[in-house]
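Note that this is a predicted model, so its numbers are computed, not measured. Letters A, B, ... mirror the listed sequences (proteins, then strands); counts begin at 1.
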There are 2 protein chains.
Amino acid sequence: MPEATTQMPRADARRNRDALVAAAAILFAQQGEATTFEDVARAAGVGKGTLYRHFPTRDHLVAALVQIRFDELTRRADELNDSDDPGSAVDAWLREFDQYPVRSRGLRSTVGIGLADRGSAIATACLPMKRRFGQLLERAQSAGALRTDIDVTELLTVVASLPETFRDPEGRSPFLDVVLRGLRA
Amino acid sequence: MPEATTQMPRADARRNRDALVAAAAILFAQQGEATTFEDVARAAGVGKGTLYRHFPTRDHLVAALVQIRFDELTRRADELNDSDDPGSAVDAWLREFDQYPVRSRGLRSTVGIGLADRGSAIATACLPMKRRFGQLLERAQSAGALRTDIDVTELLTVVASLPETFRDPEGRSPFLDVVLRGLRA
DNA sequence: ACCTGAACACCGTTCAAGT
DNA sequence: ACCTGAACACCGTTCAAGT
């Protein structure tokens, strides 16, 4: 009979982690960056220490929150890699990326800062997405559709830094168009 | 003999205010947004209450800090209003604006957020600058050099929101070029 | 191995007492 | 009119004691 692997977390640990992420998602959506660690722990019904055990820093918690959407965006980049118009594919993908944090006020700038911070929890969470979208971007650049003096990290950081004010009812930034036009070769 | 006018602050009040702004400038340059109100009061050699009396909110203090450079930029916009190439004048002015907060880490995003927040201390501090640069912008738009679907506040907010990472040694953002290109009609 | 909550530190904010 | 610093509240962070 094999021993339980060390990879397998205890059932209560798993439950607590899920409750914390769920609570954080709701609170961040409501209050944005004003959300305190204490709020999250209380809403999840666990002690503060438990929150710290699962997420040693605020960035770790935010990373867990955005992970799901980033995974979706990674898959989306893969789909678009089949496109025969990589320039438009980059546009389309960035429009989706621009919209991802609409429901979590303030997270946008946190992600914008974390993206470029090598080794940070957020940067780690973004790695697969950066790799896949990076391929798409390079294809568009090789095809001569986009300027070549901008790399993936810079581009994602700028789009993630677009202000949350001035959004239309669908959450789109009027400025994304300016950036996309400016990117064209 | 005329009475002292109520506009005239007491000498010690004036001295304290100056000391607070000077201390804040140094501390923000060193530590950015991590600077605490307590730090500022201590470095200026005054009590916490005095800081609160002069600057009821953090935004009021930041507004005082950036006021000097904003006044410079306002004058610069006036100079450029004589230009016969308003499109290039807008470019030149935005390049200078992009550089203003380089010495104060973190202030950039504070200003970016405050700019669009009607009635905020920062928005008020920006009013003259917005008016003068707005004239320049409108001239460039009327001349057909720039797209007309972006207004002053949006434009300044976006440039002020450009990430502080990815700056060249002179503090220029590689992304300002992208924005400027995207702005062209 | 994981959870809890008390305990400590730090800082924002207020305000009674001073000059 | 303005200044001071003590006092309070809130929250981030740690950790000894539990299961």
Peer 1: For the side chain of Asn16(A), starting at C-beta, report the closest nucleotide among dC3(D), dC11(C), dC3(C).
Peer 2: dC3(C)
Peer 1: So that I can tick it off, tell me whether Arg108(B) and Asp98(B) are bridged by a salt bridge, with the cut-off set at under 4.0 angstrom between side-chain N and carboxylate O.
Peer 2: yes
Peer 1: Can Asp177(B) and Arg95(B) be counted as an ion pair, charged N to O under 4.0 angstrom?
Peer 2: yes
Peer 1: Charged N to carboxylate O under 4.0 angstrom, Arg75(A) versus Asp78(A)?
Peer 2: no
Peer 1: Quick check for you: among dG12(D), dG12(C), dT4(C), whose closest atom lies nearest to any side-chain atom of Thr36(B)?
Peer 2: dG12(C)
Peer 1: Rounded to the nearest Å, what distance is computed from the CZ atom of residue Arg42(A) to the C1' atom of nucleotide dT4(C)?
Peer 2: 15 Å
Peer 1: Figure out the CG/P separation between Leu61(B) and dT13(C), and round it to whole Å.
Peer 2: 12 Å
Peer 1: Any sub-3.5 Å donor-acceptor pair from Ser142(A)'s side-chain atoms to Glu138(A)'s backbone N or O?
Peer 2: yes
Peer 1: Is Asp18(B) paired with Arg14(B) through a side-chain N to carboxylate O contact shorter than 4.0 Å?
Peer 2: yes
Peer 1: Taking NZ, NE, NH1 and NH2 as the nitrogens, is one of them in Glu79(A) or Arg76(A) under 4.0 Å from a carboxylate oxygen of the other?
Peer 2: yes
Peer 1: Mind checking whether Tyr52(A) and Phe37(A) have parallel, tilted or perpendicular rings, split at 30° and 60°?
Peer 2: tilted
Peer 1: Quickly work out the Asp18(A) CG to dC3(C) P distance and round it to whole Å.
Peer 2: 12 Å
Peer 1: How many Å lie between CZ on Arg53(A) and C1' on dT13(D), as a whole number?
Peer 2: 15 Å
Peer 1: Given atom NE2 of His60(A) and atom P of dG12(D), what is their separation to the nearest angstrom?
Peer 2: 16 Å
Peer 1: Take nucleotides 14-19 of chain C nucleotide by nucleotide from the 5' end and write B, S or -, depending on whether a protein heavy atom sits under 4.0 Å from the base, only from the sugar-phosphate, or from neither.
Peer 2: BB----
Peer 1: Ignoring hydrogens and geometry, is there a side-chain-to-backbone donor-acceptor pair from Thr74(B) to Phe70(B) under 3.5 Å?
Peer 2: yes
Peer 1: Taking CG from Leu51(B) and P from dG5(D), how many angstroms apart are they, rounded to a whole number?
Peer 2: 14 Å
Peer 1: Stems in DNA chain D: runs of 3 or more consecutive Watson-Crick or G-U pairs, distances under 3.5 Å?
Peer 2: C:4-8 with D:12-16, C:12-16 with D:4-8
Peer 1: Check every atom of dT4(C), dC11(D), dC3(C) against the side chain of Asp12(A) and return the nucleotide holding the closest atom.
Peer 2: dC3(C)
Peer 1: What integer distance in Å separates Glu38(A):CD from dA6(C):C1'?
Peer 2: 12 Å
Peer 1: Rounding to an integer number of Å, can you tell me how far His54(A) NE2 sits from dT4(C) P?
Peer 2: 9 Å
Peer 1: State whether Arg69(B) and Glu96(B) are salt-bridged, where the test is any N-O pair (Lys NZ or Arg NE/NH1/NH2 against Asp/Glu carboxylate O) under 4.0 Å.
Peer 2: no
